[in-house]
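This structure is a prediction, so every number in the text was calculated from the model and none was measured. Note on naming: letters A, B, ... go to the chains in the order of the sequence lines (proteins, then strands), and numbering restarts at 1 for each one. Only this structure's heavy atoms are used, side chains among them; waters, hydrogens and symmetry mates stay out.
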2 protein chains.
Amino acid sequence: MIRVVIAEDQRMLRGALGTLLELEEDIEVVGQAEDGDEAMAMIERLDPDVCLLDIEMPGMTGLDVARKLKEGTSRCKVIILTTFARPGYFERALEADVAGYLLKDRSVEELAQSIRKIVKGKKEFDHELILKSFKDDNPLTDREREILRYSAQGYTYKEIAHTLFLSAGTVRNYMSEILQKLQAKNKVEAIRIAKDKGWI
Amino acid sequence: MIRVVIAEDQRMLRGALGTLLELEEDIEVVGQAEDGDEAMAMIERLDPDVCLLDIEMPGMTGLDVARKLKEGTSRCKVIILTTFARPGYFERALEADVAGYLLKDRSVEELAQSIRKIVKGKKEFDHELILKSFKDDNPLTDREREILRYSAQGYTYKEIAHTLFLSAGTVRNYMSEILQKLQAKNKVEAIRIAKDKGWI
DNA sequence: GAATCGAGATGACAAATGTCATATTGCGGA
DNA sequence: TCCGCAATATGACATTTGTCATCTCGATTC
C-alpha cells in the first residue's frame with residue numbers, strides 16, 4: 001500500500017483528489033493538509049511514502065516544504081503538483097531534489113500512475129516543463145530579482161534603497177539593467193514579464 | 001436526472017469533478033468543456049439543465065458565457081464556480097443573472113447539494129462573497145478602469161492616450177484620480193490593489 | 001434660461017523614472 | 001600577479017509620472 005499525504009489549499013480539488021486516489025487499490029491517502037505548515041507537520045508525524053504538494057499555498061509554499069524536507073531526515077518522496085508551468089518554479093523544485101513535478105493539467109488516473117513509478121524510484125517531470133526550462137532561463141541576478149520584487153510591491157526607488165542600504169541611484173541602475181534584460185519599456189511591463197515567467 | 005455541463009480549463013479538476021458528480025444518483029454529466037467557446041457550443045447543442053462555469057479560462061471567460069446565455073434563449077441555469085472571491089467578479093456575475101456563484105473552497109458533495117437546489121429554482125451564493133461585496137465597492141469609473149487596465153499591460157500614458165483617442169494629459173489626470181481613490185502612491189501600487197480586489 | 005455637472009483638455013510644476021558614462025572595490029581564476 | 005567581472009556609487013541628463021488649477025463643451029436639472 002502506498003501511503004500518501006496531500007497538501008492543497010483549494011478544498012474542492014483536495015477533496016476530489018483524496019476521494020479518487022483512495023479509490024485506487026494500492027493507494028491510501030493518510031492525510032490532507034490545507035497549507036504548507038500543516039503539511040510539514042503531517043509528513044513528520046505520519047511518515048508517508050509520498051507527498052503531493054501544491055506550490056501556491058498560504059504560509060509555507062510547496063517549494064518551501066520540499067526544501068525543508070531535503071534538509072531533514074524524511075524518506076518521503078516529494079511530488080510538486082501545480083497549475084504553473086513556470087520555469088522559475090521548476091528550477092527551484094529541482095534544487096530541492098523533488099521526485100516529481102506534475103501539472104494539474106493531467107488526469108487523476110495519470111497522477112496515480114506517476115505516483116506508482118515514483119515510489120519505485122523513478123523521476124517524473126512534465127515534458128512541457130522540461131522544454132520551457134531550456135529556453136526561458138532567468139536572466140536576472142539575485143540583487144535584480146530582489147529589487148524587482150520590491151518594485152512590484154509599489155515601493156519607490158528611494159524606499160527600496162533605504163531598505164536595502166543602497167543609494168537610490170544604484171537602485172535605478174539595477175532597474176535600468178532589468179529593463180534591458182527583460183526587453184521591457186518600463187517597470188510595470190518588467191514586473192508583468194517577470195511574474196509571468198515565475199522569476200519573482 | 002439532472003443534466004450538467006462542466007467548463008473548467010484545468011484538466012485535473014474537470015475530470016475529478018466529472019467523475020464525482022457522475023457518482024451521484026441523480027446527476028448526469030453530459031459534457032465537459034475546456035474553454036469558454038467550447039462550453040458555449042456544448043450548451044447550445046446539448047441543452048443541459050445546469051452548467052458549471054469557471055471564470056478564468058482561455059478565450060471566453062465564464063462570465064462572458066453567462067452574459068451570452070442571458071441574451072439567448074437557453075433555459076440552462078448558470079453556476080459560476082471559481083477560486084476567486086473577488087467582489088468585481090461577483091457583481092458582474094449578478095448582472096448576468098447567474099443562478100449560483102460558488103467557490104472552489106467547497107467540497108464536491110456540497111456542490112451537488114447546491115446543484116439540486118438550483119434546479120428547483122433557488123439561488124446559491126457563497127456567503128463570503130456577499131459579505132465582501134458590501135464592503136469593497138469598486139470606486140473606479142469605467143474610464144478609470146480602462147486606463148488602469150492598459151497601464152497594467154505596461155503601456156505609457158502617451159500610448160494609452162493614442163489608443164483611446166484622448167490627450168496624454170487627460171490620461172495623467174485620470175491616473176491621478178485613480179491613485180487618490182485607491183490610496184496608492186504610484187501606478188504599480190494602484191495596479192496591485194485593483195488586481196487584488198478584482199477591479200480590473 | 002440659468003445653474004450645475006461630467007468628460008475631456010491644457011499648462012505649469014515637482015518628483016520619480018530611465019539612460020549613460022565613469023569610478024571604486026574586492027574577489028576568483030589563469 | 002594580473003585580468004576581468006560583479007556589486008556599488010555618482011553625476012548629468014531626458015523622459016515620464018503625478019498634482020493642481022483652470023478652461024471648454026455638451027447634457028441634465030431646476
Visitor: Rounded to the nearest 0.5 Å, what separates atom NZ in A/K195 from atom CZ in A/R149?
Guide: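 Answer for the NZ-CZ pair, A/K195 versus A/R149, is 11.5 Å.
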
Visitor: Would you kindly compare A/V188 and B/Y174 by the position of their nearest DNA chain C nucleotide and give the one closer to the 5′ end?
Guide: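 Of the two residues, B/Y174 wins.
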
Visitor: Please round to the nearest 0.5 Å and tell me the distance separating atom CD of A/Q153 and atom CD of A/E159.
Guide: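 A/Q153 CD to A/E159 CD: 11.5 Å, rounded to 0.5 Å.
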
Visitor: In terms of side-chain geometry, is the basic nitrogen of A/K104 or A/E8 positioned less than 4.0 Å from the acidic oxygen of its partner?
Guide: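 Salt bridge present between A/K104 and A/E8.
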
Visitor: First and last nucleotide of DNA chain D in contact with chain A, 5' to 3', at under 4.0 Å to a heavy atom: what are they?
Guide: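 The contact span of chain A on DNA chain D goes from D/dA7 to D/dA12.
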
Visitor: When you measure from every atom of DNA chain C, which of residues 159-172 of chain B have a heavy atom less than 4.0 Å away?
Guide: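 Heavy-atom cutoff 4.0 Å gives B/L166, B/S167, B/G169, B/T170, B/R172.
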
Visitor: Within the pair A/Q180 and C/dG18, is there a side-chain N or O less than 4.0 Å away from OP1 or OP2?
Guide: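 No, no such contact exists.
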
Visitor: Whole Å only: how far is the CD1 atom of A/I191 from the P atom of C/dT17?
Guide: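 To the nearest whole Å, that distance equals 10 Å.
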
Visitor: Please work out if B/N173 contacts a base, only the sugar-phosphate, or nothing of the nucleic acid, heavy-atom cut-off 4.0 Å.
Guide: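 Counting heavy atoms under 4.0 Å across all strands, the contact made by B/N173 includes a base.
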
Visitor: Measure from CD1 on A/I178 to C1' on C/dT19 and round the result to the nearest Å.
Guide: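 About 14 Å, once rounded to whole Å.
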
Visitor: Determine, for B/R14 against B/D9, whether the closest basic-nitrogen to carboxylate-oxygen distance falls under 4.0 angstrom.
Guide: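 Salt bridge between B/R14 and B/D9, a charged N being under 4.0 Å from a carboxylate O: no.
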
Visitor: For A/K185, does its backbone N or O pair with a side-chain atom of A/E189 as donor and acceptor, under 3.5 Å?
Guide: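 Yes, A/E189 side chain to A/K185 backbone: donor-acceptor pair under 3.5 Å.
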
Visitor: Figure out the CD/P separation between A/E177 and C/dG18, and round it to whole Å.
Guide: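 Checked: the CD to P distance equals 14 Å.
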
Visitor: Determine, stepwise, if the pair A/L164 / A/V171 fulfils side-chain contact (heavy atoms from CB on, under 4.5 Å).
Guide: CA-CA 9 Å; A/L164 299 182; A/V171 177; 5.8 Å; no

Visitor: Could you tell me whether B/E71 and B/K68 make a salt bridge, using a distance below 4.0 angstrom between a side-chain N and a carboxylate O?
Guide: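 Looking at B/K68 together with B/E71, the answer is no, because their closest N to O distance does not fall below 4.0 Å.
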
Visitor: Using whole Å, what does the distance between atom P of nucleotide C/dT17 and atom NZ of B/K185 come to?
Guide: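 Going from NZ in B/K185 over to P in C/dT17 covers 10 Å.
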
Visitor: Apply the test ring pair (Phe, Tyr, Trp, His ring centres under 6.0 Å) to residues B/F125 and B/F90: give CA-CA distance (whole Å), side-chain angles for both, the deciding distance (0.1 Å), then the verdict.
Guide: CA-CA 9 Å; B/F125 303 114; B/F90 185 47; 5.7 Å; yes

Visitor: What residues from residues 149-156 of chain A pass a heavy-atom cutoff of under 4.0 Å to DNA chain C?
Guide: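 Within this stretch, A/T156 sit under 4.0 Å of the strand.
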
Visitor: Round to a whole Å and report the spacing from CD1 of B/I147 to C1' of C/dA7.
Guide: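 My rounded result for the distance is 11 Å.
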
Visitor: Decide side-chain contact (heavy atoms from CB on, under 4.5 Å) for B/D49 and B/K77; before the verdict, give the C-alpha distance in whole Å, the side-chain angles of both, and the deciding distance to 0.1 Å.
Guide: CA-CA 6 Å; B/D49 302 302; B/K77 311 247 185 195; over 6 Å; no

Visitor: Charged N to carboxylate O below 4.0 Å: is that the case for B/R11 and A/D105?
Guide: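 So B/R11 pairs with A/D105 through a salt bridge.
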
Visitor: Answer yes if the side chains of A/N173 and A/T170 hold a donor-acceptor pair under 3.5 Å, and no otherwise.
Guide: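 A/N173 vs A/T170: no donor-acceptor pair found between side chains.
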
